[in-house]
Amino acid sequence: MMMKTFTYDFQFDHTYAGYFSKLWFLLLLIAWSALLLNQVVSPIFTTLFIAVSLMSLFVAGYRCGCSMLAGAKVFATLQTPSSLWQAWKNTLIKRASLWSGLLLISVNLIEIRHSISFSTLDLLAFTSLSISLGFIIPLFLNRYFNTMLNSLIIATIICLVSLHEILQTSDSEIVLWLKGSWCLAWPIIAFCLHYHWEKAPLSKGISFHQEIKNLNIVQVIKHFYLSFYSLNIRKPSSKSGTLPSIDWGIKILGLICVFILARGMTIAWGQGVSLPHCLAFILFAMVSSTHLMGRNLHWRHLLRPGSLREGSIATHLLKSSVIYHLIWIGVVLMIVIIFNMLFAREFTLPTFSSLVAGVTLAIELLAAYCIGILIRGCRNPSRIIFYLFLSSLLFAALIGMAFFLRNRNPMSAGLFELGFAYLFGVICLGLVTLGFANKLWTRKHLLAHL
């Protein structure tokens with residue numbers, strides 16, 4: 001009687017979660033009935049139903065694991081008989097086993113009805129793996145396992161990450177042993193929980209979530225990100241004669257144009273540097289003058305002795321801007337790599353020639369950024385950009401006319417050959433412009449932007 005009263009007071013599910021789970025179970029039952037009653041069903045629908053069912057089983061196992069965790073936290077602190085904890089634990093194990101059995105029976109009936117290419121061993125392996133992972137993840141994240149079990153769980157996750165390569169191996173015996181071990185995952189977990197957790201267990205340390213929270217990684221990243229200051233956030237004073245502020249929409253449009261141009265600016269080693277490539281280089285230099293970043297540019301920081309010396313302010317802006325933009329480029333590249341690994345059929349590493357082209361493009365963009373810092377350091381940058389724009393148009397017209405008179409295509413003909421001489425010239429151009437920019441950027445000129 002006491003056990004029933006306690007079970008009613010300490011429910012497994014929240015009210016809304018219980019309603020949603022019943023609704024989801026009803027939808028799965030309707031989908032299963034439709035697949036079972038129809039004689040001709042596309043294999044896509046049966047595969048989709050199996051995938052959704054396995055994911056639902058994983059979520060159900062996760063909820064059982066959370067309920068086991070909640071019960072362990074309560075029963076370990078209360079002076080209650082061990083029979084209450086054992087009844088709670090056995091009820092959750094039976095519930096998870098019942099859901100796994102229902103999934104096996106329902107999918108087997110569909111397999112018999114439509115003869116789908118999904119063996120019983122595969123179904124047993126994935127069912128056991130889904131309920132096992134969902135059940136142990138809450139206990140693993142809250143440190144309810146010892147070091148050996150934690151290592152085993154991490155090894156299993158690594159094995160799942162390389163699942164595609166393992167299943168494609170030519171050694172069928174390895175695949176058979178692997179699937180067999182997955183089939184025994186849930187029975188072993190249920191057996192260990194039933195016979196080795198006679199009393200409510202205690203956590204063997206603080207949870208991983210609390211450890212990450214104690215590290216204050218979010219605060220460190222936030223502080224590091226906020227230490228960068230854009231020189232275009234505020235309008236500079238009218239007396240400074242600096243470049244007027246530009247709307248964020250124009251900036252984003254300029255960045256999109258630069259990314260599109262940068263994608264087509266990669267040139268293989270030994271090829272000719274065309275006129276559009278040079279025009280894109282000049283355009284990037286002009287656009288980069290409006291996207292300068294500085295780190296720790298608060299006026300109190302600048303008042304410290306030796307914080308930012310005269311003659312190195314432009315170098316500081318270059319380093320800060322490169323670090324800031326490299327962070328975002330790294331985030332975008334990571335997203336693209338993960339997307340390719342998940343959805344692309346093949347993921348190949350870049351070749352040596354593409355790496356050389358990427359390094360060459362990075363050197364060109366750094367030199368163009370140095371030119372942009374020099375433009376922004378002038379007294380009237382807008383006038384410099386206007387004159388540079390007109391000069392580039394005149395340069396393009398003259399070069400295009402010269403190529404046209406020689407019966408050559410101005411859009412594809414090479415002005416220079418990409419080699420060591422060209423790279424040396426681009427590096428010298430960047431260093432010279434950075435040296436002049438260090439002379440133009442003074443504390444007074446920098447304070448006008450803060």
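Side chains are part of it too, since the values below use all heavy atoms of this structure and drop only hydrogens, waters and symmetry mates.
Taking OG1 of T433 as the reference point, atom CG of L374 lies at 6.0 Å (rounded to 0.5 Å). From L102, atom CG reaches atom OG of S97 across 11.0 Å, with rounding to the nearest 0.5 Å. Residue I93 holds its CD1 atom at 5.0 Å from CG of L193, rounded to the nearest 0.5 Å. Atoms CG and CZ, on L92 and R63 in that order, are 11.0 Å from each other to the nearest 0.5 Å. The line from CG of L393 to CD1 of I282 is 9.5 Å long, rounded to the nearest 0.5 Å. Distance check: L123 CG to L104 CG gives 5.0 Å after rounding to the nearest 0.5 Å.
Among all heavy-atom pairs drawn from L28 and S56, the shortest one is CD1-OG, 3.8 Å. Across all non-hydrogen atoms, the minimal contact from W88 to M68 is NE1-CA, 4.2 Å. Nearest heavy atoms, A125 versus C183: N-SG, 3.5 Å. Minimum heavy-atom separation, L365 to F284: O-CE2, 3.5 Å. Taking all atoms of both residues into account, the shortest heavy-atom contact from S288 to A285 is OG-O, 2.9 Å. Nearest heavy-atom pair, S289 versus R376, reported as atom, atom and distance to 0.1 Å: O-NH1, 3.1 Å.
Side-chain contact between V273 and C278 is present, with heavy atoms from C-beta onward closer than 4.5 Å. Looking at heavy atoms from C-beta onward, I363 lies in side-chain contact with V359 at the 4.5 angstrom threshold. Contact of the L54 side chain with the L103 side chain is registered, since non-hydrogen atoms from C-beta on lie closer than 4.5 Å. Contact of the M286 side chain with the L388 side chain is registered, since non-hydrogen atoms from C-beta on lie closer than 4.5 Å. Between Y369 and H325, the closest side-chain pair of non-hydrogen atoms falls below 4.5 Å. Contact check for P138 versus C64: no side-chain heavy atoms found under the 4.5 Å cut-off. With contacts defined as side-chain heavy-atom distances shorter than 4.5 Å, the pair E364/L361 qualifies. Here the side chains of K73 and N142 are in contact, with some heavy-atom distance below 4.5 Å.
Taking L27 as the reference, W24 meet the side chain to side chain contact (heavy atoms under 4.5 Å, CB included) condition, with sequence neighbours excluded. Under the rule for a side-chain hydrogen bond (donor to acceptor under 3.5 Å, both in side chains), the partners of T315 that lie at least two apart in sequence or sit in another chain are N438. By the ring pair (Phe, Tyr, Trp, His ring centres under 6.0 Å) test, F228 is found to be paired with F224, Y324, residues two or more places apart in sequence or in another chain being considered.
A distance-only check finds no donor-acceptor pair linking the side chain of W32 to the backbone of F49 [under 3.5 Å]. No donor-acceptor pair closer than 3.5 Å links the side chain of S321 to the backbone N or O of L318. Put simply, the side chain of S320 never gets that close to the backbone of L317: no donor and acceptor are under 3.5 Å apart. Distance alone, capped at 3.5 Å, is enough to place a donor-acceptor pair between the H316 side chain and the R295 backbone.
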Quiz item: Do L141 and I137 pass the side-chain contact (heavy atoms from CB on, under 4.5 Å) test, and can you show the C-alpha distance, the side-chain angles, and the key distance before you say yes or no?
Solution: CA-CA 6 Å; L141 294 179; I137 280 177; 3.9 Å; yes

Exercise. Dump the intermediate steps for side-chain contact (heavy atoms from CB on, under 4.5 Å) on L366 and C370, then the final yes or no.
Key: CA-CA 6 Å; L366 281 176; C370 294; 5.6 Å; no

Quiz item: Can you list the steps and then say if L429 with I371 is a side-chain contact (heavy atoms from CB on, under 4.5 Å)?
Solution: CA-CA 9 Å; L429 177 63; I371 298 174; 4.1 Å; yes

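Just one residue in the list F58, F140, W186, W99 forms a ring pair (Phe, Tyr, Trp, His ring centres under 6.0 Å) with F135, and that residue is W186.
The number of heavy atoms from other shown groups lying within 6.0 Å of CZ (F45) does not exceed 12.
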